[in-house]
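Just so you know, these numbers use all the heavy atoms, side chains as well, and skip hydrogens, waters and symmetry mates. Note that this is a predicted model, so its numbers are computed, not measured.
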Amino acid sequence: MSQNVEGSQRSFFSAAAGVILSALVALLCMGAATQFAYADESEGASSATTVLAEDDEDAAASATVDQDDNADAADLADSKTDTATSGTSGATTGSSTATENKPATETPAPAQAVKPEKKPTKAGWMQDTDGTWYYFANVNAKPATGWVKSGGKWYWMQPDKNGAMATNTWITDQGKRYYLNASGVMVKGWVKIGNDWYYTNKSGAQVTGGWIKSGRSWYWLQADKQGLMAKNEWITDKGKRYYLTGSGAMKTGWILMGNDWYYANKSGAQISSGWVKSGRSWYWMQSDKQGLMAKNEWITDKNKQYYLTGSGAMKTGWVQNGSDWYYTNKSGARVNNGWVKSGSKWYWLQGDKQGLMFANDFKTINNMKYSFASDGAMRANCKIDLGDNVVGYAAGSGAITRIGENRDGKLVLTNAAGQTLSGWQKLAGKWFYGEAGTGIAQTGWLKLGSTWYYFDSNAAMVTGTYTINGKANIFTASGKWIGADNMATKAQGYSSGTGYLILVDRSLHRVGVFSGSKGHWNRIMSFSCVTGAPGSPTITGTFRTTGMKRMTLSTDSRAHWCTQISGGYFFHTILASNSELGNSLSHGCLRLAVSDAQWIYNHIGAGTTVVIYN
């Protein structure tokens with residue numbers, strides 16, 4: 001009996017000990033399981049610093065503002081859409097479609113931690129009954145806090161809210177600010193809040209000041225405004241001013257503000273004074289007006305005056321100010337006094353009136369008298385009424401010499417004493433002819449012996465090529481008429497882009513070179529040429545030289561001094577001897593004697609009219 005009791009007691013104590021031991025083991029296993037659960041997914045359970053540091057690619061390694069940190073960031077215009085419309089939260093159990101409201105710019109004040117109402121059924125994301133998202137390392141773990149990486153994206157689980165996922169807000173971690181969008185995803189690149197823009201670098205940390213490059217443009221983040229992107233304003237950096245447009249992009253080149261213009265160089269820094277070349281024109285930026293472009297005014301630079309037009313471009317040539325005219329040279333500097341040649345005419349600028357053009361009066365210069373028309377042009381090669389019926393003649397130089405008097409409406413050649421002059425008289429560098437006995441100056445045709453002469457309306461004998469009744473006539477240097485010239489007559493109807501005109505009579509194998517202008521062409525050279533053979537004729541028509549010149553043709557190395565007429569047609573030298581001249585032998589080019597081809601090569605520039613006809 002006692003043995004049974006003893007055995008029973010032993011059995012009882014053994015059983016009790018076994019139960020107690022099993023309970024202890026169970027408790028230890030639960031504790032271990034709990035610890036294992038918290039460590040099961042280190043990304044969800046670790047602190048912000050630990051979790052971020054485990055990912056080398058996205059780790060928030062530096063808060064330094066690096067201007068090149070954003071070289072691969074999306075362009076501002078493209079990233080606006082990415083930031084304003086967020087994707088899924090990365091949760092495996094659902095998605096977030098919450099309406100995005102303007103977030104606070106600081107981490108909200110700590111609130112009382114609230115446990116989620118629901119219990120996780122598996123590890124990972126869980127959306128609570130109120131729509132809040134949490135993350136669990138396993139079903140038995142507490143909600144993760146700090147940074148969580150899921151699906152390649154980073155999320156912030158708010159420690160002060162029991163791990164509730166942050167959305168539409170800035171958070172601060174270890175002194176750096178990060179933005180979480182409506183889906184809770186940490187934003188990299190541009191962040192739009194209302195109408196304001198901010199920027200975060202590759203690690204997601206906000207860039208709070210200085211320059212950043214996005215796409216091809218530079219942007220300025222204002223350190224005194226928590227990194228707010230500047231726009232529609234000037235900013236100053238290291239003593240230089242820069243302008244940020246409405247999109248925030250730094251502007252280069254011209255900047256229009258109201259009706260005012262400013263200029264920034266290629267680096268974006270404003271040019272606040274001095275000259276700026278834009279296109280083919282020069283502009284002046286006024287240092288006393290923060291670099292405002294000058295317009296409609298004279299400015300002085302290095303003791304020289306320049307005029308800026310209404311567009312701001314520096315003017316060269318004539319400048320009109322009301323009814324007054326002034327002149328600036330090729331560099332734009334005003335010519336304050338003396339002679340100026342503009343086109344084919346001469347003008348006088350008055351030194352005592354800041355270069356005002358003299359007009360509509362006589363002016364004595366270096367003891368010589370000159371006459372100026374109402375447009376300011378000096379009169380030349382014409383009669384001048386000197387008053388009191390005295391007649392003068394303005395030579396090619398403009399200097400006026402007395403030649404006679406007006407008597408009964410006719411010019412009578414006289415000397416300074418008033419004595420009548422008859423026959424040939426050289427006055428003011430020109431030849432005149434006074435009728436015998438009367439001294440009346442001859443005009444029009446005059447035949448002396450077998451020689452014909454011609455006197456223009458000013459009574460001066462003509463030389464060279466002179467058009468009479470629409471036909472060009474040729475006169476020698478002594479005034480002898482040679483005859484009418486059909487080529488010279490034809491030339492008068494053409495204009496040219498230079499002071500030269502070339503006519504080619506294909507049937508006569510003749511080339512004529514003229515100088516002057518439309519209606520006033522004077523032939524200066526005439527020579528024989530080779531034209532195209534019947535199977536490869538020379539082109540006909542009106543052309544403008546291109547300016548292309550070659551020492552030899554690629555198709556024939558014997559052709560030298562080549563001046564292009566059009567396409568594959570050139571003036572160039574003969575290939576063998578002068579015996580070629582006057583024939584149709586070429587492949588279409590016009591062959592000339594060596595000296596003639598060389599003259600055209602050296603003197604005929606782009607834009608010269610070439611007329612080829614039969």
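Between Trp318 and Tyr347, a ring centre-to-centre spacing shorter than 6.0 Å is recorded.
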**OP:** Applying ring-ring contact (aromatic ring centres under 6.0 Å, His included), run through Trp197 and Tyr219 and close with a yes or a no.
**Re:** CA-CA 11 Å; Trp197 287 92; Tyr219 300 81; 9.3 Å; no

**OP:** Give the intermediate values and the outcome of side-chain hydrogen bond (donor to acceptor under 3.5 Å, both in side chains) for residues Asp173 and Trp147.
**Re:** CA-CA 10 Å; Asp173 179 40; Trp147 290 109; 3.0 Å; yes

**OP:** Decide ring-ring contact (aromatic ring centres under 6.0 Å, His included) for Tyr601 and Trp561; before the verdict, give the C-alpha distance in whole Å, the side-chain angles of both, and the deciding distance to 0.1 Å.
**Re:** CA-CA 6 Å; Tyr601 184 95; Trp561 302 107; 5.1 Å; yes

Original post:
Stepwise, does the ring-ring contact (aromatic ring centres under 6.0 Å, His included) test hold for Tyr198 with Trp170?
Top reply: CA-CA 11 Å; Tyr198 300 85; Trp170 290 100; 5.7 Å; yes

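At a threshold of 4.5 Å between non-hydrogen side-chain atoms, the residues Tyr500 and Ile600 do not count as touching. Considering only heavy atoms from C-beta on, Val319 stays 4.5 Å or farther from Tyr327 through its side chain.
In this structure, a donor-acceptor pair under 3.5 Å is present between the side chains of Trp211 and Asp237. Arg544 and Thr609 share a side-chain donor-acceptor pair at under 3.5 Å. For the residue pair Asp301 and Trp275, a side-chain donor N or O sits within less than 3.5 Å of a side-chain acceptor on the partner.
For Trp254 against Ser278, the heavy-atom pair with the smallest separation is NE1-OG, 3.0 Å. Across all their heavy atoms, Tyr134 and Pro143 have their closest contact at CD2-CB, 4.0 Å. For the residue pair Phe136 and Ala141, the shortest heavy atom distance occurs at CD2-O, 3.3 Å.
Looking at Thr200, its side chain does come within 3.5 Å of a backbone N or O of Gly189 through a donor-acceptor pair. Within the 3.5 Å criterion, the main-chain N or O of Gly567 finds a donor-acceptor partner in the side chain of Gln564. Panel note: side chain Ser217, backbone Ser214; no donor-acceptor pair is recorded below 3.5 Å.
The side-chain contact (heavy atoms from CB on, under 4.5 Å) with Met314 is formed by just one residue from the set Thr309, Leu308, Ile299; it is Leu308.
Remark: Cys562 SG to Met548 CE distance equals 11.0 Å, nearest 0.5 Å.
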